[in-house]
Amino acid sequence: MDNIDKIFDSYVSQKLFKNKAILQSNYTPETIPHRNEQIEAVASVLAPSLRGEKASNLFIYGRTGTGKTLSVQHVGMKIISKLKEREQDNLKFIYINCKLKKVADTEYRIVAELIKELGGSVPSTGLPTDQVYSRFIDLIDGKTQVVLIVLDEIDEAVEKMGDNFIYSLTRLNSSLKNAQISIIGISNSLTFMDNLDPRVRSSLGEEELVFSPYNALQLQDILRERATQAFSEGVVDAGVIEKCAAFAARVHGDARRALDLLRVAGDLAEREGSKKICLSHIDLANQKIERDKVLDVIETAPKQFQLVLYSILELTNGESGVFTGDVYNKYQEICEKTKNDALTQRRISDILGEFDMLGIINASVISKGRQGRTREIKMTLGDQIKIKAREIIERSLGV
DNA sequence: AGGTATTCACATGAAACTATTCTCTGAGTTAGG
DNA sequence: TAACTCAGAGAATAGTTTCATGTGAATACCTGT
């Protein structure tokens with residue numbers, strides 16, 4: 001009882017947060033520090049569209065959390081407000097995130113989404129793709145106008161469905177009489193352009209722009225600005241901002257991660273009933289984020305992956321590594337017990353490789369001489385996470 | 001002792017198979033004119 | 001009559017199996033000293 005009281009008390013009595021939303025990742029700040037150069041570049045590429053001319057296609061690279069999406073959206077907002085101001089109606093700005101599952105991860109859905117954004121509608125299924133295209137053309141070609149299409153995370157889309165949809169989009173201009181479209185592609189991957197059809201590459205990359213990662217000092221500025229808005233005065237201990245920035249800079253200048261870190265640290269401090277956010281909270285927050293990420297992966301993993309992981313969990317009690325064969329035997333045993341079909345060793349080998357990629361296990365190929373060649377598998381997760389992971393798997397398998 | 005050859009226990013690749021998801025088409029349905 | 005919806009055929013895709021080949025070093029087996 002008194003535990004609950006304590007939780008409530010700490011919530012009521014102290015308010016570390018003034019406005020937590022400011023640290024959430026979907027928040028759009030009015031100012032974007034250290035990105036003036038890029039914003040201006042985007043603006044100057046897109047500016048011709050205000051005069052009704054076709055803007056160059058633009059391609060933007062940069063790691064996650066470098067402000068790509070934010071900057072483009074910022075420019076987009078400005079353009080829209082400019083349009084209102086001048087009472088213009090010959091320009092459309094459409095933003096689509098290609099990564100969103102079930103919304104825009106196929107060619108059909110992307111075009112359907114474009115149509116929806118323009119106020120049209122199409123059935124969610126049942127039409128041939130080229131017909132959707134022609135409907136899209138009908139929709140925009142009705143009058144003279146410029147359409148700016150932002151395709152965020154375009155690399156994901158291309159990975160899923162190949163690059164010919166971009167080609168179709170860029171070629172649409174030739175079948176349009178009145179309207180013109182410009183495409184702004186945003187990608188996280190720097191090498192994305194390299195393995196693209198040359199025709200697509202040249203048309204999409206008329207203008208290119210690179211968003212370099214923030215360094216620690218820039219991250220500090222960003223954090224400081226948001227922190228003053230998000231937290232009440234004087235709750236952020238000295239050095240906290242610096243530490244957050246340093247953590248995030250070490251990964252690769254990911255501002256989103258830095259903000260997450262600060263927010264989670266704030267949460268932890270608040271829950272703990274602390275009056276301040278101090279350095280130790282950052283460490284805890286870092287662990288928590290890491291843990292949540294891993295557990296989320298485990299939770300959403302397919303059943304077979306969970307079974308394999310469960311086998312590994314069963315086997316690793318201690319420092320010494322286990323080998324593929326051990327895991328496979330255990331796995332078969334568990335499959336038998338839980339009435340699941342067991343996969344081949346070949347597949348398990350691949351699954352183990354994938355776990356290694358995800359960083360959930362640490363596997364390295366070693367040769368044991370006459371005892372053959374195998375993977376030596378070690379757990380990298382801490383004990384607490386292991387227990388949690390076990391619970392999750394047991395629940396999802398209904399053991 | 002030093003050098004080869006063997007051998008283990010999988011790794012790694014390629015191709016074939018399969019179940020599920022997408023796309024497409026035409027028929028049926030609806031609604032508006 | 002045009003627009004929409006839907007079911008089912010066919011195509012694409014992801015996950016998996018089958019078959020084949022590759023690998024690094026401990027160990028077994030020579031060989032000549």
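Throughout, protein chains are lettered first and strands after them, A, B, ... in sequence-line order, and every chain is numbered starting at 1.
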Once you round it to whole Å, what is the distance between [atom2] of [N] and [atom1] of [X]?
X	N	atom1	atom2	value
A/Met357	B/dT12	CE	P	12 Å
A/Ile351	C/dA14	CD1	C1'	13 Å
A/Glu354	C/dT16	CD	C1'	12 Å
A/Leu352	B/dC10	CG	C1'	11 Å
A/Gln304	B/dA19	CD	P	15 Å
A/Lys303	C/dT16	NZ	C1'	14 Å

Using a 4.0 Å cut-off on heavy atoms, which residues in residues 340-348 of chain A reach DNA chain C? List them by number, or say none.
A/Ala342, A/Leu343, A/Thr344, A/Arg346, A/Arg347
Can we say A/Asp283 and A/Lys243 salt-bridge, meaning some charged N sits less than 4.0 Å from an Asp/Glu carboxylate O?
yes
Salt bridge check: are A/Arg347 and A/Glu354 linked by an N-O gap of less than 4.0 Å?
yes
Spacing of [atom1] belonging to [X] relative to [atom2] belonging to [Y], to within rounding of 0.5 Å:
X	Y	atom1	atom2	value
A/Arg263	A/Leu268	CZ	CG	10.5 Å
A/Glu225	A/Glu30	CD	CD	8.0 Å
A/Asp326	A/Lys330	CG	NZ	10.5 Å

A/Gln304 and A/Tyr331: CA distance, side-chain angles, deciding distance, side chain to side chain donor-acceptor pair (under 3.5 Å) verdict
CA-CA 10 Å; A/Gln304 295 291 353; A/Tyr331 162 79; 2.6 Å; yes
Short question: side chain of A/Lys54, backbone of A/Gln180 - any donor-acceptor pair under 3.5 Å?
no
All N/O pairs under 3.5 Å across the protein-nucleotides 16-18 of chain B interface:
none

Do A/Lys82 and A/Lys78 have side-chain heavy atoms sitting under 4.5 Å apart?
no
If you compare every side-chain N and O of A/Ser349 against the phosphate oxygens of B/dT12 (OP1, OP2), does one of them come in below 4.0 Å?
no
Taking only nitrogen or oxygen atoms into account, show me every contact under 3.5 Å that the protein makes with nucleotides 22-28 of chain C, one pair per line with its distance.
from   : atom 1 : to       : atom 2 : distance (Å)
C/dT23 : O2     : A/Arg373 : NE     : 2.8
C/dG24 : N2     : A/Ser367 : OG     : 3.4
C/dG24 : N2     : A/Gly369 : O      : 2.9
C/dG24 : N3     : A/Ser367 : OG     : 2.9
C/dA25 : O4'    : A/Ser367 : OG     : 3.3
C/dA26 : O4'    : A/Arg370 : N      : 3.4

Do A/Ile183 and A/Val45 sit in the same hydrophobic cluster, where Ile, Leu, Val, Met, Phe, Trp and Tyr count as joined when their side-chain heavy atoms come under 4.5 Å apart?
no
Testing the 3.5 Å rule here: is there a donor-acceptor pair between the side chains of A/Ser349 and A/Arg375?
yes
Is it true that A/Phe59 and A/Tyr61 have ring centroids separated by less than 6.0 Å?
yes
